[in-house]
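One is the number of the first residue; the rest follow in order along the sequence. What you see below is based on every heavy atom in this structure, not just the backbone, and it leaves out hydrogens, waters and symmetry mates. Keep in mind that this is a model prediction, so the values were computed, not measured.
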Amino acid sequence: MLDFIYYPVSFILWCWHKVFGFVFGPDNAISWILGIVFLTFTVRGILFKPFVKQVRSMKKMQDFAPEVKKLQKKYANDRQKQATEMRKLQQEHGVNPLGSCLPMLLQIPVFIGLNWVLRNFQEGRPSNYFFDAAEVDSYVNAKLFGINIGDAINHFGFAGQSSEWHWEVAPLAIPLMIIAAIATHLTARHSVARQNPASASQQTAMMNNLTLYIFPFGVLIFGAFFPIGLLIYWLANNGWTLGQQRFVYGRIDREEEQKKLEDKEKRDNLAPKPGQKPKKPQPGQKPDPQKKQASKGAAGSADSTDTGTDNEAGSGTESGSESGKVSAQSSTGSANGSGGSQKSGGTKGGSSAKGGAWAKNGGNKQRPSGQGKKSKGGKRR
């Protein structure tokens, strides 16, 4: 029924047994044990990338855990709306909840397949998937410390085997069960230590208790029904998981630390140093509109100040040269005439030969170069 699982598992085991059988001998128990161990490593190596995605997905879920709690509190009375908003939030953060469970789910078929293949190594069988009759006999007769690696304390009536207790297997099986349980606990403990306290919930606490205590205790109880070869697989699998977690978590921590340093360097480079003057705009850089308006206003006020000064200087010089004529005309004229003469005299003084040419040419825009010097000289006298 599950041959699509049993054949691949038996093929990987057959390949590794051939490799180590060439070194230690095909009938040596070490060849079979190493074959089982490297079968575990092969499967876990195939699942390495999904495991990394699982860790990153769990990290993202922990980062937006406060937002999840807000949604749960906001839509506490509307489960459908809560589920919809949760899916939207997961899509925004690029998180797939199934991705965090995929590596664990994929290991279950391998465990089932290996359990079936190892239990089918029975004396007198003509074949066992990829193994022929000689290889079946080799596994059945392979002994470690005088105990067959295919035996269990109790086979539990699996595959037509007796459900009697074989206590002669206990001296090897019980130490393996204890070590496998400890490895299971350490693996779960290392994973729980990575969790964000802000993401803690009742469901999370329940799952942590399962992985920390219930699963290791289950290995101690149900390990009595596992063949020695399957206990070796369980121990190798937990040992690989523990080492893989340390490697992947350490690499992710280094990546996050490097990212923080890069962000800090960018902020430091953009921020002005203490006492540093503002930098001039680069060629082609668009000026700030507010600064542009401020500079125009300052330039206009400076021009108006210069124009007023030049007008005062020019009118004072020319009116000084014509003051005698104005006073002579004003003394002989009547009151109304004198007012008109003064008025016209002021006009003449402002529109003398030099002053008129200067005014016609646009005022201070095209002022003769020597005019400013004369005005200064007149002031000195």
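- Between Phe131 and Trp32, the ring planes lie tilted relative to each other; the angle falls in the 30° to 60° range.
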Problem set entry | Trace of the side chain to side chain contact (heavy atoms under 4.5 Å, CB included) decision for Ile112 with Trp116 | CA-CA 6 Å; Ile112 294 173; Trp116 180 270; 5.6 Å; no
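- A donor-acceptor pair is defined here as one N or O able to donate and one able to accept, closer than 3.5 Å; no such pair exists between the side chain of Ser138 and the backbone of Ala134.
- Taking each heavy atom of Ile147 and Val169 in turn, the nearest pair found is CG2-CG1, 4.0 Å.
- Ile153 has its side chain within reach of Trp167: a pair of non-hydrogen atoms, C-beta onward, lies under 4.5 Å apart.
- Taking the six-membered ring wherever Trp is involved, the centroid distance between the rings of Trp234 and Phe111 falls below 6.0 Å.
- Between Lys81 and Glu85 there is a salt bridge, with a side-chain nitrogen of the basic residue lying less than 4.0 Å from a carboxylate oxygen of the acidic one.
- Checking each of Tyr233, Trp240, Trp16 against Phe38 for a ring-ring contact (aromatic ring centres under 6.0 Å, His included) leaves exactly one that passes, namely Trp16.
- Between His190 and Tyr249, the gap from one ring centroid to the other is short of 6.0 Å.
- Aromatic ring orientation, Phe225 versus Trp165: tilted (interplanar angle from 30° to 60°).
- In summary, of the residues considered (Tyr129, Trp14, Phe11), a ring-ring contact (aromatic ring centres under 6.0 Å, His included) with Tyr6 occurs for Tyr129 alone.
- Put simply, Phe41 and Phe48 are part of two different groups of oily side chains (I, L, V, M, F, W, Y) that touch within less than 4.5 Å, one to the next.
- For the side chain to side chain contact (heavy atoms under 4.5 Å, CB included) test with Ser31, the passing option among Leu34, Ile33, Asn28 is Asn28; the others fail.
- Electrostatic pairing of Lys260 and Glu255 does not count as a salt bridge here, judged by no charged N lying under 4.0 Å from a carboxylate O.
- Using a 4.0 Å cut-off between charged side-chain N and carboxylate O, Lys18 and Glu135 make a salt bridge.
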